[in-house]
Amino acid sequence: RLTQYCQRLEELAPLGERPSLNVNFKHFLKLFTQYLENRSQSLTRDWVQIKPIPSDELPLYTSLSIVQSESFIPLLDKLVVVKLNGGLGTSMGCEGPKSLITVRNDMTFLDIVVKQIQYINSTYGSNIPLVLMNSFNTDQETKRIEERYKSRILFYTFCQSKYPRLEKETLLPLVSDITDHDISSWYPPGHGDFYQSYINSGLCDEFLKMGKEYLFISNIDNLGATVDLKILNYMHNQSNTSLGSKPCEFLMEVTDKTRSDVKGGTLVYDNGVKTLLEIAQVPKQYVDEFVSVHKFKIFNTNNLWVRMSAIKRLISNGSLHMEPIVNMKTLENGLKVIQLENAIGAAIKCFDGAVGLNVPRSRFLPVKTTSDLLSLLSDLYCLESSTGVIYMNPLRSFPSVPLVKLGYNHFGRLKEFLERFEDIPQMLELDHLTVSGDIRFGKNVTLKGTVIIIANPGERIDIPMGSTLENKVISGNLRVLDH
Ligand code: UPG
C-alpha cells in the first residue's frame, strides 16, 4: 500500500512546485510510514508501560533563583518568542484564525500578545522578536493585519507544512492534483511540525546569526504564557553548566492538573523514557483514568523553552522523533478521513537535559472553548490594558480556577454564547458551574459556590437581572416575562 501511495504522490507532485506550495512529502511519508508500521499494534500507547512522572523530578518554579538586574538585557537579547498560530477558532464555532477572536477590552489574543512583548521591550530596553507559525488556514488573514504590529515590535511569520488528508478506507489522498485548492483535502499536521517548518523558513539561521539562542514557544490561546526572566535564566544557567550534567536544551512548563484540564497532554515515562502523552493517544478504556487528577497530577501547558542550536542539530542529523497522532475526522460530505499529526512537546525525549518545570497556574490560561472564555471574561481575571498582563483577581479568596461547563448546543458557538449574556456574571466566588439548554442571563447576575442550571428540551430559563445564585440547582422552565 505504501509503494502504491508513494507512486501516486510522485504523480501528483511535480518537484518544482512543492516548495511554493509548502507540501513536504518527504516528511509526510515519514509520518505515514510510522503510521503503517504501528497500525497493527494500534496507535494508542501500551498503557502498562505508561507511568506518571514523580513530582520530585519536576523542579518548582518557586525554587528558581531571582535574576540580577544587570543580567536582564543580555538574557532577553538571546530570546525569540514564538506563538503557535496555525489553528482556527472552530472549537468556539468561529471560522477565522483563533488568534483574531476578541477576548477582552476589545483586544484579540494577538493584540494582547503583542502588547505583552511591547511592554517587556519598553520596560527592559530589549528588542524581543515575535514569530507566528501560521498554517495555510491562518496565513492570509494574519498577514492582512500584520502592518499594525510591525511598527511596534519585530514581527515575523512563517507558514507551516500542508499535508494531504487520507481517505480512511483506502488510505489514499483526497487530492487529485497537487494544486488542488479544495481546502478540505489538506490539513496542517499539528504543532509538532514547528521544528521542520521553522528550519525551512530560514528564520532559525537568521536568528542564530543575530546572536539569539533561545525560543519561548507557546499556544496563542494561552495568555498566561508571558516572557519569564527566571525561567530564561534557569535555561541559560543550565545550558552553560560546566558541572558535568547535560545542558538543558528543552524545558516544558507543566502545572498541577485540575478537572478542567482535559484537552491536551501530560508528561509521562513511557517504557522508562520521559515523553508526552496526548489524550488522543490514550486507549479508549483508559481515558477516564487519564482525565482524572489522581494518577496524572500534572498537565502540559505547551509553554516550551528550547535551545535553537539543538533544533538545528536534531533536524540536520535526522534524530527528531515524535509519535504520530491519528486524528479521525468526518468531512461535511460524510467522508471519513484521517490526518496524521505531531505534537511539539513529544520531541522532549530527543533533547539533551530536558526538564519539566512545575509552574503556577497563572502561566496557563488556555481558551479552548466558550466555557474557558466565560471565566476569562469574568471578574475572576483582571487584564492590565497597558501591559497585556492577565492575572487572577486578588479578591478571589482561593486560588483555584472554577470548573465551568457550558452545553455546546446553546453556548458552544461564540456568537450565540455572547447573545445569551446581557453581561458577564460575577464569578469571584464560583466553584463549579454547569449550564445546559436554552438559558439566558440578565444583567448583574452573581454566581457563587456550585451552580447547576439545566433547561428541559424545548423549554427556556431566564436568570433575572440582579439575581445571586449560591449553591443552587435550577432545572425545568423558569421564564421571567415583562408586564
Ligand atoms: N496549532 C498550530 N498548527 C497546527 C495545530 C495547532 O499552529 O497544526 C496551534 C494552535 O493554533 C494553538 C496551539 O497550536 O495555538 C495548540 O493547538 P491545539 O490543537 O489547541 O492543541 P491542544 O490539543 O490544546 O494541545 C496542546 C498540547 C497539549 C497541551 C495543550 C495545552 O498538545 O499537550 O496540554 O496544548 O493547552
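Counting convention: from 1, in listed order, for ligands and their atoms alike. Each residue takes its place number in the sequence, starting with 1. Hydrogens, waters and symmetry mates play no part in the numbers below; they use all other heavy atoms, side chains included.
The protein non-hydrogen atom at the shortest distance from atom 28 (C) of ligand 1 is Glu278 OE2, 3.2 Å. Looking only at protein heavy atoms, the nearest one to atom 7 (O) of ligand 1 is Gly86 N, 2.7 Å. Closest protein heavy atom to atom 35 (O) of ligand 1: Asn219 ND2, 3.0 Å. Looking at atom 19 (O) of ligand 1, its nearest protein heavy atom turns out to be Lys263 NZ, 3.5 Å. With respect to atom 8 (O) of ligand 1, the closest heavy atom belonging to the protein is Gly190 N, 2.9 Å. Nearest non-hydrogen protein atom to atom 17 (O) of ligand 1 is His191 CD2, 3.6 Å. Lys368 NZ, 2.7 Å is the protein heavy atom nearest to atom 24 (O) of ligand 1. For atom 11 (O) of ligand 1, the nearest protein heavy atom (residue, atom name, distance) is Gly87 N, 2.8 Å.
Note: an N/O pair closer than 3.5 Å links Gly265 and ligand 1 by distance alone. For ligand 1, the polar-atom distance check against Leu84 finds a nitrogen or oxygen pair separated by under 3.5 Å. Geometrically, ligand 1 and Ile220 share a nitrogen or oxygen pair separated by less than 3.5 Å.
In terms of modelled atom types and a separation under 3.5 Å, the side chain of Arg104 and the main chain of Leu376 share a donor-acceptor contact. Side-chain atoms of Arg396 come within 3.5 Å of backbone N or O of Leu428 as a donor-acceptor pair. The backbone N or O of Pro173 lies less than 3.5 Å from no partner atom in the side chain of Arg165, so there is not a single donor-acceptor pair.
Note on ring orientation: taking the six-membered ring where Trp is involved, the planes of Phe364 and Phe299 are tilted (angle from 30° to 60°).
Residue contacts with ligand 1, taken as heavy atom pairs separated by less than 4.0 Å, do not involve Glu341 at all. The part of Phe299 lying near ligand 1 is the side chain, judged by heavy-atom distances below 4.0 Å. With a heavy-atom cut-off of 4.0 Å, Gln160 touches ligand 1 through its side chain alone. When heavy-atom distances to ligand 1 are checked against a 4.0 Å cut-off, Asn85 comes that close only through its backbone atoms N, CA, C and O.
If you check the side chains of Tyr195 and Asn342, you find no donor sitting under 3.5 Å from an acceptor.
Salt-bridge annotation for Lys349 and Glu323: present, with a side-chain N of the basic residue lying under 4.0 Å from a carboxylate O of the acidic one. Between Arg361 and Asp256, no side-chain nitrogen of the basic residue sits less than 4.0 Å from a carboxylate oxygen of the acidic one, so the salt-bridge criterion is not met.
Near Met133, the atoms of ligand 1 lying under 4.0 angstrom from a non-hydrogen atom of the residue are 7 (O). Numbered from 1 in the order shown, with element, the atoms of ligand 1 that lie under 4.0 Å from a heavy atom of Gly264 read 28 (C), 29 (C), 33 (O), 34 (O).
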Take Glu206 and Lys212 through the salt bridge (charged side-chain N to carboxylate O under 4.0 Å, His left out) test and state the conclusion after the steps.
-> CA-CA 9 Å; Glu206 196 176 323; Lys212 309 283 181 200; over 6 Å; no
Stepwise side chain to side chain contact (heavy atoms under 4.5 Å, CB included) test for Trp305 and Phe250 = CA-CA 6 Å; Trp305 300 75; Phe250 188 102; over 6 Å; no
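Nearest-heavy-atom check against atom 34 (O) of ligand 1 across Asn303, Asn300, Ile298, Thr301 picks out Asn300. Of all the listed residues (Ile217, Asn342, Asp193, Asn302), Asn302 holds the heavy atom that lies closest to atom 26 (C) of ligand 1.
The side chain to side chain contact (heavy atoms under 4.5 Å, CB included) test with Leu130 singles out one residue from Leu154, Thr157, Asn121, Val113, and that residue is Val113.
At least one heavy atom of Phe364 lies less than 4.0 angstrom from ligand 1. Not a single heavy atom of Lys98 sits closer than 4.0 Å to an atom of ligand 1.
Atom NZ of Lys51 is surrounded by more than 12 heavy atoms from other residues, nucleotides or ligands within 6.0 Å. For Arg152, the CZ atom counts as densely surrounded, since its 6.0 Å shell holds more than 12 non-hydrogen atoms of other residues, nucleotides or ligands.
To the nearest 0.5 Å, the span separating CD on Glu146 from CZ on Phe155 amounts to 6.0 Å.
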